[in-house]
Amino acid sequence: MLKLPIYLDHNATTPCDPQVMEVMLPYFTELYGNAASRSHSFGWQAEEAVDYAREQVAKLIGAEPKEIIFTSGATEGDNLAIKGVFEMYAGKGNHILTCVTEHKAVLDTCKHIEKLGGEVTYLPVGKEGIIDLQQLEAAITPRTILIAIMYANNETGTIQPVKEIGALAKKHGVLFFTDATQAVGKVPVDVIKDEIDLLTCSAHKMYGPKGVGALYVRRKNPRVRLTAQLDGGGHEKGMRSGTLNVPGIAGFGKAADLCRHNLEAEGKRLGQLRNKLESALLQLDATYLNGSSTSRLPHVTNISFNFVNGDGLMMGLNKEVALSSGAACTSASMEPSYVLKALGVADDLAHSSLRFSIGRYTTEEEIDFIIRKVTDVVLQLRAMSQIG
Ligand SMILES: *Cc1c(COP(=O)(O)O)cnc(C)c1O
């Protein structure tokens, strides 16, 4: 029997893997030390857990443990990377290059930087959601200090040409920061091969706990320096003060380890399920894929259903299927997704689009159910609107 509702919103958050939970539990009870306590075994044990997790997270992205700064999540990492570079490199310049489809944690941080006197260029994307590399290179000026382009988009799953961006950044002596929250643990990410200088990720997007993440800060070729945004006890090499979330960090490490070991097999399995779902839904008339069909995450598809009302679509589905739509609720009004808009998707199509993001525990039976359910609801809504 299928258990309803079916969770298809893994880009919003993932469930915690039971193996991750198991690793975390002792750090709430017996092993409750403060990782910064140097004078007793409680502290040493906590520090040991943090060191081990640092190795596990580093390994997943090809970094050195020393290059991992633990944060409260990707929002904090995005803020620290952008504001930290802006302040530290003020003597070199004040120009940041980013793109219109970034997560709000990057876009709103850039807006803040503009208020502080920074200059930000928001690059457009093509209809597949990918930036133009020539346009990127042409936008670099002697005052440019940072390129901030995400690895994979949270709404569409589209993957940017990260390696090429890294190479361009290096060629022009500009730092490259990537919000890789949706990519880490899902596709191979390698900070050396991709020439990434700063990278954020978050445990709760990869089967770890909420409220913990990491910022990778390159230590050589070049050595990246940041101005701290949280001052205090000098934790995390002075870049992020505050008592470490030891249980969360230990769980994050385990989550990273599980992802690293299962990356290939899991990507393949989820890719097959996603393709099955996607090709079935695209067989309906007037349905369109949003984002790239080639350069993308394996577990995500974003589809617009023409001639259906977006609210009706969501209401018809949300008792049985948990997913996100292409309309974002902003206070009173329903705004179409700015990401889909940037791809050139018309407002009404953006409203009637759905993001399906499947995950570790999604079964083929669930996918079959969802295909039937979405098909039924779409056909029903279309039939009704023809009668009306
Ligand atoms: C989820 C997400 C964030 C925010 O992460 P938190 O850890 O929840 O703060 C930032 N960027 C992207 C691309 C995301 O998907």
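Whatever order the structure lists ligands and atoms in, that order sets their numbers, starting from 1. Quick caveat: nothing in here was measured; it's all calculated off a predicted structure. Quick note: numbers below take in every heavy atom, side chains included, and nothing from hydrogens, waters or symmetry partners.
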- Option set Met150, His103, Lys210, Glu155, criterion heavy-atom distance to atom 12 (C) of ligand 1, minimum: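 Among Met150, His103, Lys210, Glu155, the closest heavy atom to atom 12 (C) of ligand 1 belongs to His103.
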- Which residue from Ala74, Cys201, Gly77 reaches closest to atom 6 (P) of ligand 1 through any of its heavy atoms?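 The option holding the nearest heavy atom is Ala74.
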Geometry only, no angles: is [X] polar-contacting ligand 1 at N/O separations under 3.5 Å?
X      : value
Asp179 : yes
Glu76  : no
Asn11  : no

Does the pair [X]/[Y] count as a salt bridge with the N-to-O cut at 4.0 Å?
X      : Y      : value
Asp257 : Arg260 : yes
Lys276 : Glu364 : yes
Lys3   : Glu366 : no
Arg372 : Glu320 : no

- What is the ring orientation for Tyr361 with Tyr207, classed by angle as parallel under 30°, tilted 30 to 60°, or perpendicular over 60°?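 The arrangement is perpendicular - the two ring planes meet at more than 60°.
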- Message: Test of understanding: given a 4.0 Å heavy-atom threshold, classify the contact between Lys205 and ligand 1 as side chain, backbone, both, or neither.
- Response: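 For Lys205, the contact with ligand 1 is made by the side chain alone.
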- Query: What do we get for Thr75 next to ligand 1 when only non-hydrogen atoms under 4.0 Å count, side chain, backbone, both or neither?
  - Reply: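 The answer is both.
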- Distance from Thr109 atom OG1 to Phe86 atom CZ, nearest 0.5 Å?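 The CZ atom of Phe86 is 12.5 Å from OG1 of Thr109, to the nearest 0.5 Å.
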- Among protein heavy atoms, which sits nearest to atom 7 (O) of ligand 1, and what does the distance come to when rounded to 0.1 Å?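 For atom 7 (O) of ligand 1, the nearest protein heavy atom comes out as Ser202 OG, 2.6 Å.
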- Query: So is His204 in contact with ligand 1, going by heavy-atom distances below 4.0 Å?
  - Reply: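 So His204 counts as touching ligand 1.
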- Task: Indicate whether any N or O donor in one side chain lies under 3.5 Å from an N or O acceptor in the other, for His299 and Asn11.
- Result: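 Side-chain D/A pair, His299 to Asn11: present.
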